[in-house]
Amino acid sequence: MATETLQLVLPNGATRDVAAGTLARDVVASIGPGLLKAAIAVAVDGDVQDLMTPIRTGGAFVVLKESDPRSLAVLRHSGAHILATAVRRLRPDARIGFGPAIDDGFYYDFEVEKPFTPEDLAAFEAEMHKVVAEKYPFVRAEISRAEGEKVFADDPLKLERLAELGESEVISTYTDGPFTDLCRGPHVPDTSYVKNFRLLSTAGAYWRGDERRQMLQRIYATAFWKKEDLDAHIHRLEEARKRDHRVVGKQLDLFMFHHFAPGAAFWTERGTFIINTLNEYLRELQRDGYQEIKTPLLYNKGLWEISGHWGKYRENMFLVLDNETKEHDFSLKPMNCPSHYLMYNSRKHSYRELPLRFSTYDVLHRNEVSGSLSGLTRVRQFQQDDCHIFLMESQIADEVRRLTDFILGYYRTFGLSAALRFATRPPVRIGSDEMWDRAEGALRAALEETGEPYELKEGDGAFYGPKVDFDVTDSIGRHWQLGTIQLDYAAPERFDLSYTGEDNATHRPVVIHRAVSGSFERFIAILIEHFAGAFPVWLSPEQVRVLPIADDLAATAHEVTARLRAAGIRASCDDRSETLNYRIREGETMKVPYMAVIGKREAEAGTLAVRERGQGKKQEVVAVDAFTARVQEEIRARALPAAG
RNA sequence: GCUGACGUAGCUCAAUUGGCAGAGCACCUGAUUUGUAAUCAGGCGGUUGCGAGUUCGAUUCUCGCCGUCAGCUCCA
């Protein structure tokens with residue numbers, strides 16, 4: 001059989017001709033023996049392969065060293081194999097599922113009679129260290145289907161995967177010491193490369209993510225090239241834990257939960273202030289051009305039959321028993337849109353009124369499955385900053401540009417940056433291709449006009465229209481999908497929405513669904529973690545805490561507190577006969593932005609010794625009026641806290 | 001919903017093989033009058049999530065229910 005010759009192009013532009021089937025390792029060695037030592041894997045034409053894999057295509061040839069981010073996934077994938085190696089040694093009965101590298105590490109799924117315990121995890125980790133020390137090479141073998149069926153005869157999950165592989169696909173296995181896995185790679189050369197890892201948690205996971213299939217036991221872990229990186233990652237996890245809104249929310253006394261109302265928050269006075277303040281800000285931004293409305297919370301199923309919720313969404317709706325009919329004919333609303341359509345349809349509309357914008361902050365209920373509830377981020381009762389816009393197709397571009405500016409501006413107030421995602425027609429959809437062409441064209445034009453970069457998500461739109469999603473990054477690098485702008489061509493049909501045009505004929509409007517922060521609940525959770533509880537002054541439930549040094553200054557302190565409050569500042573006075581240190585500590589713990597200390601000197605001079613949150617002893621003595629003006633200005637400007 | 005772990009004072013956590021349920025903080029009282037991150041002393045506080053069962057005896061063991069947490073997309 002004649003051997004084909006492939007041309008590889010090195011990063012420096014040099015070319016190298018190699019026979020097809022040459023191992024990547026040999027090519028790397030031929031470039032330089034030193035390079036082979038540092039090489040983890042290679043990228044051939046952008047495709048990451050390991051050194052044990054024969055080269056089958058030509059193209060750009062890049063040697064990946066530790067420094068290349070792509071090599072980390074290779075390390076982690078090998079880590080998964082080492083984990084399986086260790087588990088198989090200690091629990092020979094464990095059948096293996098999949099073990100991929102994921103964003104922050106890797107996992108491996110096992111089918112076992114008895115689930116793993118934390119003690120098991122510790123034992124597996126210790127065993128993994130042995131496997132690493134034994135320095136088994138990862139040996140790649142390409143085998144026939146029949147051989148594969150023999151090798152994995154006792155691993156039904158692997159056989160299932162094997163059976164799915166296409167006729168033309170190369171079937172490969174990787175063996176490290178005693179363990180062989182059906183795997184396409186790539187892997188590091190031997191187990192000793194995986195030095196810095198940690199097993200993190202165990203959890204159930206459905207085989208193939210399908211709830212109808214059996215549940216496997218998944219072990220989550222992570223691995224890094226350098227110990228420092230691993231330590232830093234563990235540290236980050238701890239930091240995130242410290243910022244956890246459930247912990248901080250309790251510490252700052254913002255909200256609580258009770259088992260009598262699962263998935264629904266109780267807001268304290270302080271938390272309620274935050275909701276109201278965000279709400280006021282949104283109202284201010286929507287003072288012009290929006291109509292705030294309120295619609296009922298409870299509806300007869302007739303509405304949901306028109307909207308389609310009764311058929312598709314009933315599982316997630318709270319149904320209410322009707323005492324007369326003894327039927328669950330009523331439901332709490334899970335979304336605002338249908339009720340807004342009823343409002344729209346309550347009278348005739350002229351083209352002159354469009355775009356007509358209905359905004360609302362009504363409470364919604366969705367019966368999420370119990371296992372999905374989590375603090376404020378996944379709840380059953382919440383308030384959206386919702387808006388439905390009725391407009392002519394010709395107005396879409398303008399409106400989307402306006403909404404995009406609005407949403408991004410809102411995020412900017414909190415120091416949040418957002419990435420835009422433009423989602424186009426999905427395979428299953430309603431409407432003609434011409435309609436989609438127009439809708440997507442208008443959205444794209446609007447996005448281009450904003451000058452914001454956006455990512456194109458082909459086929460990710462809703463069945464009723466294309467959309468733009470806003471993906472927000474917080475201060476510790478986490479991502480949240482918050483805002484959305486969705487075009488809807490289906491609802492106007494279902495609800496027979498219309499307006500009278502300039503031509504005196506009846507026309508169909510388009511609906512835009514818009515949310516800015518998703519829900520107050522989730523947004524506040526994000527803000528708590530984003531700011532680590534240290535809210536900007538305008539959002540702080542307690543903006544100034546006045547501290548008299550001794551009892552005889554309490555009267556003055558109360559007077560100053562009253563002046564601050566009269567100036568619209570949320571000030572309180574802590575005149576308890578505790579030591580100053582004690583009271584300052586509590587103020588810092590509660591993340592109060594300013595503490596104003598009044599001693600004899602300040603009382604006589606009409607000043608305050610102002611201590612800024614997080615700034616320690618660095619204090620500043622200022623006149624009461626000057627301080628008042630400064631805080632007022634910070635509130636007015638919605639200033640962000642100084643970095644650090 | 002499913003798998004696993006967990007549920008002890010308002011909060012954070014203890015309680016050897018089943019043997020009288022504890023501490024710190026918070027709260028209350030008193031003393032202290034404080035100059036920038038915890039003053040001292042005393043006191044109050046619990047049907048150990050709920051309900052069954054096993055046992056002489058259950059916070060501890062078993063079962064059911066409720067709730068919380070991790071996870072259930074990242075494709076050999």
Side-chain angles (χ1 to χ4, degrees), chain A residues 73 77 80-81 96-107 109 112 114-118 120-121 148 152 155 157-165 169-174 180-185 200-220 241 244 246-247 250-251 253 256-263 315 367-375 547-554 575-590 595-602 609-621:
Chain A
H77 186 188
H81 278 232
I96 49 177
F98 293 164
I102 53 174
D103 285 352
D104 278 326
F106 61 90
Y107 67 76
D109 286 341
V112 282
K114 233 174 67 202
F116 302 129
T117 64
D120 288 334
L121 230 56
F152 298 105
D155 277 304
L157 306 179
K158 288 291 173 188
L159 288 179
E160 185 180 323
R161 181 71 189 103
L162 186 63
E164 289 168 2
L165 291 174
E169 286 185 76
V170 175
I171 299 171
S172 58
T173 64
Y174 279 81
T180 298
D181 200 350
L182 180 68
C183 176
R184 70 174 169 196
L200 296 172
S201 63
T202 142
Y206 295 108
W207 169 236
R208 313 308 283 273
D210 183 342
E211 61 187 43
R212 290 165 305 193
R213 305 296 301 268
Q214 72 269 43
M215 180 155 283
L216 309 181
Q217 291 303 311
R218 176 170 297 179
I219 297 176
Y220 279 96
R241 168 74 194 147
D244 188 321
R246 292 166 300 196
V247 176
K250 192 174 280 179
Q251 187 188 322
D253 188 28
M256 56 165 258
F257 285 92
H258 193 279
H259 63 264
F260 284 157
E315 289 287 291
N367 197 355
E368 306 284 353
V369 297
S370 59
S372 72
L373 301 181
S374 178
L547 306 177
I549 283 184
D551 285 353
D552 57 342
L553 294 160
D575 62 355
R576 291 175 301 172
S577 62
E578 300 286 353
T579 60
L580 185 62
N581 275 337
Y582 178 91
R583 287 175 288 156
I584 283 177
R585 178 170 203 278
E586 200 171 276
E588 289 284 356
T589 309
M590 290 301 283
M595 276 181 273
V597 177
I598 300 186
K600 213 174 280 170
R601 296 195 295 272
E602 288 78 17
V610 175
R611 178 189 168 108
E612 203 173 327
R613 177 178 58 200
Q615 298 299 304
K617 289 185 182 174
K618 208 173 83 187
Q619 58 165 330
E620 199 182 345
V621 178

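Owing to the predicted nature of the structure, the values given are computational and were not obtained by experimental measurement. Lettering follows sequence order; numbering is per chain, from 1.
Distance check on atom C1': B:G43 versus B:G4 gives 43 Å, rounded to whole Å. Between the P atoms of B:C6 and B:A14, the separation comes to 12 Å (whole Å). B:G42 and B:U32: their C1' atoms are spaced 15 Å apart (whole Å). One C1' atom belongs to B:U3, the other to B:C13, and the distance between them is 28 Å to the nearest Å. With both ends at atom C1', the span from B:G35 to B:G30 equals 25 Å, rounded to whole Å. Rounded to a whole angstrom, the distance from the C1' atom of B:U17 to that of B:G57 is 15 Å. Rounded to the nearest Å, the gap between the P atom of B:A9 and that of B:A23 is 14 Å. For the P atoms, the distance from B:G49 to B:U59 is 9 Å, rounded to whole Å.
B:G4 and B:C69 make up a base pair, with Watson-Crick or G-U wobble contacts both under 3.5 Å. In this structure B:G35 sits in no base pair that meets the Watson-Crick or G-U test at under 3.5 Å. Across every strand in view, B:C25 sits in a pair with B:G10 that passes the Watson-Crick or G-U test at under 3.5 angstrom. The partner of B:U16 is absent, by the rule that a Watson-Crick or G-U pair needs both atom distances under 3.5 Å. Judged by Watson-Crick or G-U wobble contacts below 3.5 Å, the nucleotide B:C61 has B:G53 as its partner. The partner of B:U48 cannot be assigned: no Watson-Crick or G-U wobble pair with both contacts below 3.5 Å exists in any strand. Under the Watson-Crick or G-U wobble criterion, with both distances below 3.5 Å, B:G30 is paired with B:C40.
Between A:His81 and A:His77, the two ring planes are perpendicular [angle over 60°; tilted spans 30° to 60°].
Taking all atoms of both residues into account, the shortest heavy-atom contact from A:Gly99 to A:Ala80 is O-CB, 3.2 Å. Taking both residues in full, the closest heavy atoms of A:Phe152 and A:Thr180 are given as CE2-O, 3.6 Å, listed atom of the first, atom of the second, then distance. Nearest heavy-atom pair, A:Met595 versus A:Ile584, reported as atom, atom and distance to 0.1 Å: CE-O, 3.5 Å. The two residues A:Leu553 and A:Lys600 make their nearest non-hydrogen contact at CD1-N, 3.7 Å.
A donor-acceptor pair is defined here as one N or O able to donate and one able to accept, closer than 3.5 Å; no such pair exists between the side chain of A:Thr173 and the backbone of A:Asp181. The main-chain N or O of A:Arg585 is never found under 3.5 Å from a side-chain atom of A:Glu588 such that the two would form a donor-acceptor pair.
Rounded to whole angstrom, the span from the NE2 atom of A:His77 across to the P atom of B:C74 amounts to 13 Å. B:C25 atom P lies 17 Å from atom CD of A:Gln251, rounded to whole Å.
Two residues are said to be in side-chain contact when any heavy atoms from C-beta on lie closer than 4.5 Å; A:Phe98 and A:Arg208 meet this criterion. Put simply, the side chain of A:Tyr107 reaches to within 4.5 Å of the side chain of A:Pro100, judged on heavy atoms.
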> Using a cut-off of 4.0 Å between protein heavy atoms and nucleotide atoms, how would you tag nucleotides 61-72 of chain B 5' to 3' with B, S and -?
Replying inline: ------SSSSBB
>> At under 4.0 Å between heavy atoms, how does the protein contact nucleotides 31-37 of chain B? Give one character per nucleotide, 5' to 3', with B, S or -.
In response: -BBBBBB
>> Show, in sequence, the C-alpha distance, side-chain angles and deciding distance for A:Glu586 and A:Arg583, and conclude whether the salt bridge (Lys or Arg N to Asp or Glu O under 4.0 Å) test is met.
In response: CA-CA 5 Å; A:Glu586 200 171 276; A:Arg583 287 175 288 156; over 6 Å; no
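At most 12 heavy atoms of other shown residues, nucleotides or ligands fall within 6.0 angstrom of atom CD in A:Glu315. Atom CD of A:Glu169 is surrounded by more than 12 heavy atoms from other residues, nucleotides or ligands within 6.0 Å.
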Nucleotide N/O to protein N/O under 3.5 Å, stretch nucleotides 8-13 of chain B:
residue : atom : partner  : partner atom : Å
B:U12   : OP1  : A:Lys250 : NZ           : 3.4

